[in-house]
2 protein chains.
Amino acid sequence: MTARPTLERTLELAAFVPFRLNRLAAGTSQYLAIVYQERFGLDIPQWRVMATVGSQQDCTAQYIAASTRMHKTRVSRAIAELEARQLIERASSAQDRRERQVRLSKSGRRMYTELVPLALARESSLLECLSPEQLAGFLTGLETLERFLQLED
Amino acid sequence: MTARPTLERTLELAAFVPFRLNRLAAGTSQYLAIVYQERFGLDIPQWRVMATVGSQQDCTAQYIAASTRMHKTRVSRAIAELEARQLIERASSAQDRRERQVRLSKSGRRMYTELVPLALARESSLLECLSPEQLAGFLTGLETLERFLQLED
DNA sequence: CCGATAAGGTTGCGAGCGCAACCATTTGTG
DNA sequence: CACAAATGGTTGCGCTCGCAACCTTATCGG
């Protein structure tokens, strides 16, 4: 356990948890990039939109923004690019003509069904470096931090 | 424990660890920003340079880039801004006139001694949401992941 | 029923970042 | 000793992102 008094006069960045979490997140993204980027030519916003639309068809840009925690302009641009690549389709909603329903196209769904197992396998291959007890402990801490920072949906 | 078969055909982003780690890192940065940003007017690169130079005086830009894992251009610009604010000073090295030794100025050191306790306290206040056992388990998993992804110095 | 306000979504713009190219200096090699 | 290659660091450029402003459509209040 790395207990540490609060009154220290120096700060080692390599031991500072916020820094380590940023570094870990970047490393993890890098580790995952090989599946969505090199193989499918998606960047992170596009990948997140694909993942969201794939599991929750007929959703709005707003819903995507909320559940991915991305800014709505970032979502808007990712959607526009995916539509240009004909991976998703948009239809104006009948009830509310401001919003547009987003769904996967045929080729989008094909990519999705190919992409998801690879992404999940990559996640597993990452987490396999942890023993079952380590994984459980890590996820418990992660959940508590998420609740504390109100990061859940 | 969130065991999950690898052959699932759908992916819930909210349960996908790489996504959750990115979200946590962003949330943590946000949580920390109040000390270095609002109070001292530093952005993240500047804050990291300050932290590094403060604990390791007379280091080079290269050393800062390596230990913060930032791109050397990002470091170069952060240093230039901190120098313009007279928080750090640079002196050309005698042995190798390409490199420049970076150190905190008087006012830089004053800011550092004010900043470090606040940052550490903020880190503690974040981690206090975890029980001691949760913290230990979380840090253990974090370390293992760091080793696996080769994120250490 | 009309005007004000809000909500879904897009776009112009400026800031920050990484890549590649560059300058200055040092090190290695014939 | 000279020249090629490597290293520390900076800068031009294009890309991405978030903010603010905007357009369109819905909703609310009188």
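Remember, predicted model here, so these are calculated numbers, not experimental data. Worth knowing before you read on, the calculation uses all heavy atoms, side chains too, and leaves out hydrogens, waters and symmetry mates.
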Chemist: Tell me, which pairs form a salt bridge (charged side-chain N to carboxylate O under 4.0 Å, His left out) where one or both residues lie in residues 88-102 of chain B, sequence neighbours left out?
Modeler: B:E83-B:R90, B:D96-B:R98
Chemist: With sequence neighbours excluded, give me every ring-ring contact (aromatic ring centres under 6.0 Å, His included) pair touching residues 82-138 of chain B.
Modeler: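 Those involving residues 82-138 of chain B are A:F138-B:F138.
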Chemist: A:M70 and A:Y63: same hydrophobic cluster, using ILVMFWY side-chain contacts below 4.5 Å?
Modeler: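 In one cluster: no.
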Chemist: What donor-acceptor contacts under 3.5 angstrom involve side-chain atoms of residues 43-50 of chain B, with partners at least two apart or in another chain?
Modeler:
unit_1 : atom_1 : unit_2 : atom_2 : d
B:D43  : OD1    : B:Q46  : N      : 3.0
B:Q46  : OE1    : B:D43  : N      : 3.2
B:Q46  : NE2    : B:E81  : OE1    : 2.6

Chemist: Which pair of heavy atoms, one from A:C59 and one from A:Q56, lies closest together, and at what distance?
Modeler: SG-O, 3.3 Å
Chemist: Heavy atom of residues 76-102 of chain B under 4.0 Å from DNA chain C: which residues?
Modeler: B:R77, B:Q95, B:D96, B:R97, B:R98
Chemist: For A:F19, what residues pass the ring-ring contact (aromatic ring centres under 6.0 Å, His included) criterion, not counting sequence neighbours?
Modeler: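 For A:F19 there are no ring-ring contact (aromatic ring centres under 6.0 Å, His included) partners, ignoring immediate neighbours.
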Chemist: By the salt bridge (charged side-chain N to carboxylate O under 4.0 Å, His left out) test, which pairs, at least two apart or in different chains, include something from residues 49-63 of chain A?
Modeler: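 Matches after skipping sequence neighbours: A:D58-A:R103.
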Chemist: I'd like to check the side-chain hydrogen bond (donor to acceptor under 3.5 Å, both in side chains) partners of B:T113; sequence neighbours left out, ordered by chain and number.
Modeler: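 side-chain hydrogen bond (donor to acceptor under 3.5 Å, both in side chains) list for B:T113, sorted by chain: empty.
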Chemist: A:A33: what forms a side chain to side chain contact (heavy atoms under 4.5 Å, CB included) with it, not counting sequence neighbours?
Modeler: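 Testing A:A33 for side chain to side chain contact (heavy atoms under 4.5 Å, CB included), a comparison that skips the adjacent residues, returns A:Y36, A:Q37.
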Chemist: With the threshold set at under 4.0 Å for non-hydrogen atoms, list the residues of residues 26-46 of chain A touching DNA chain C in residue-number order.
Modeler: none
Chemist: For A:R23, check side-chain hydrogen bond (donor to acceptor under 3.5 Å, both in side chains) against everything at least two apart and list the hits.
Modeler: B:E146
Chemist: Could you check which residues of residues 58-75 of chain B get a heavy atom under 4.0 Å from DNA chain C? Sort them by number, please.
Modeler: B:H71, B:T73, B:R74
Chemist: Taking all non-hydrogen atoms of both residues, which atom of B:L149 and which atom of A:G27 are closest, and how far apart?
Modeler: CD1-C, 4.1 Å
Chemist: Please check if atom CD in B:Q150 has more than 12 non-hydrogen atoms from other residues, nucleotides or ligands closer than 6.0 Å.
Modeler: no
Chemist: At the 4.0 Å heavy-atom cut-off to chain A, mark where contacts on DNA chain C begin and end, going 5' to 3'.
Modeler: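 It runs C:dA6 to C:dC13.
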